[in-house]
Amino acid sequence: MHRPRRNRRTPAIRAMIQETILQPADFILPLFIHEDSNDVAIESMPGVTRWSLAGMLSEAGAAHALGIPAVVLFPKIEDALKTPTADESWNADGLVPRAIAALKTAYPSLCVITDVALDPYNSDGHDGIVLHAADGSLEIVNDATIEILCRQAVCQAQAGADIVAPSDMMDGRVAAIRKALDAESFTQVSILSYTAKYASALYGPFRGALDSAPKAGDKKTYQMDPANAREALREAVLDAEEGADILMVKPAIFYLDVLASIRAQSNLPLAAYQVSGEYLMLKSASQGGWIDEKAAVLESLTAIKRAGADMILTYYAKQACVWLSEHEERVAR
Ligand code: PBG
């Protein structure tokens, strides 16, 4: 008789046969920032804060001290600065460039990642430039958007970003951003491409946090259809050819099959984004007393890593590091 349970018998044996081990170096912490001296609790994401620059610095320092290697910045931009062409997205004195510089000065060893997309800056709330047709329909214009994205990426690199992360899903943007960065001698700045970003219902709380929901229409002409998996493999091939350093799948838990199949196809490092809706589902269920938050969150992060992610963007990053350090069931007892 085969007895697989022998390998589960004691904590010591389980520790040796454990295939997936989470560690602080797996996590990237998203940070919301704004032009304000207050740190504000985000209503749509209990436990998450929109930071002043000073608050952001102390939060990033605390995360880095726990062993988290990287943060990714998401700004809330004042309405008065939003324009149809998102000019504020490449203002060298803007909020994000100042935040990058402050982070790199305070914590030179912290990896600073920036979001490349126009939605926080664009009066239409779309990731690209919007053309309004006479019949009321919208077109998100690909190539004109890419020009702005390139300016935005170069501006972020100038401020000291280590990695730029285009989340806009325009075609050809990775190659264009690579070329623009190289032309300005930023050959060492990496591109983390949102390769397979789905038009998901799970971004709602994030859009609430940044007030960045589209004013009209939806994102289905650029973000992917949740029904499609082969299309993600095509996007992965293109991003690799265009020079992406790291690929990403987003959201994470509903798309583990996509993560696993990109992992099987590509040798590039792979990231996954546990998005705001995933955070909120775990948080609400645990606040309701219906699930054990620590166990459920660590299980979700383990599942994402098991499916093939090398790194995970998660609002639970700091908390997970604390939980992992408590979680030494492994050998000693
Ligand atoms: C926009 C962007 C979004 C997220 C990250 N970058 C929202 C969107 O595409 O509408 C969502 C992240 C989350 O939900 O946690 N470029």
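What you see is a predicted model; the values in this text were computed from it and never measured. Numbering of ligands and ligand atoms starts at 1, following listing order.
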Donor-acceptor side-chain pairing of Tyr316 and Glu293 below 3.5 angstrom: yes
Does ligand 1 have any N/O pairs with the protein under 3.5 Å, and how far apart?
residue: ligand 1; atom: 6 (N); partner: Lys250; partner atom: NZ; Å: 3.3
residue: ligand 1; atom: 9 (O); partner: Lys197; partner atom: NZ; Å: 2.8
residue: ligand 1; atom: 9 (O); partner: Lys219; partner atom: NZ; Å: 3.4
residue: ligand 1; atom: 9 (O); partner: Gln223; partner atom: NE2; Å: 2.9
residue: ligand 1; atom: 10 (O); partner: Arg207; partner atom: NE; Å: 2.5
residue: ligand 1; atom: 10 (O); partner: Arg207; partner atom: NH2; Å: 2.7
residue: ligand 1; atom: 10 (O); partner: Lys219; partner atom: NZ; Å: 2.7
residue: ligand 1; atom: 14 (O); partner: Ser276; partner atom: N; Å: 3.2
residue: ligand 1; atom: 14 (O); partner: Ser276; partner atom: OG; Å: 2.7
residue: ligand 1; atom: 15 (O); partner: Ser276; partner atom: N; Å: 2.7
residue: ligand 1; atom: 15 (O); partner: Tyr315; partner atom: OH; Å: 2.6
residue: ligand 1; atom: 16 (N); partner: Asp119; partner atom: OD1; Å: 3.0
residue: ligand 1; atom: 16 (N); partner: Asp119; partner atom: OD2; Å: 3.4
residue: ligand 1; atom: 16 (N); partner: Asp127; partner atom: OD2; Å: 3.2
residue: ligand 1; atom: 16 (N); partner: Ser167; partner atom: OG; Å: 2.8
residue: ligand 1; atom: 16 (N); partner: Lys197; partner atom: NZ; Å: 3.4

side-chain contact (heavy atoms from CB on, under 4.5 Å) between Leu118 and Ile129, intermediate numbers included: CA-CA 8 Å; Leu118 304 187; Ile129 292 176; 3.9 Å; yes
Near-ring test Phe27/Tyr315, centroid separation under 6.0 angstrom: no
Within 45° cone of Tyr203 ring axis and under 6.0 Å: Lys197 NZ or CZ: yes
For Lys294, the option from Gln319, Glu299, Glu326 that meets side-chain contact (heavy atoms from CB on, under 4.5 Å): Glu326
Ser52 and Asp39: side chain donor to acceptor below 3.5 Å: yes
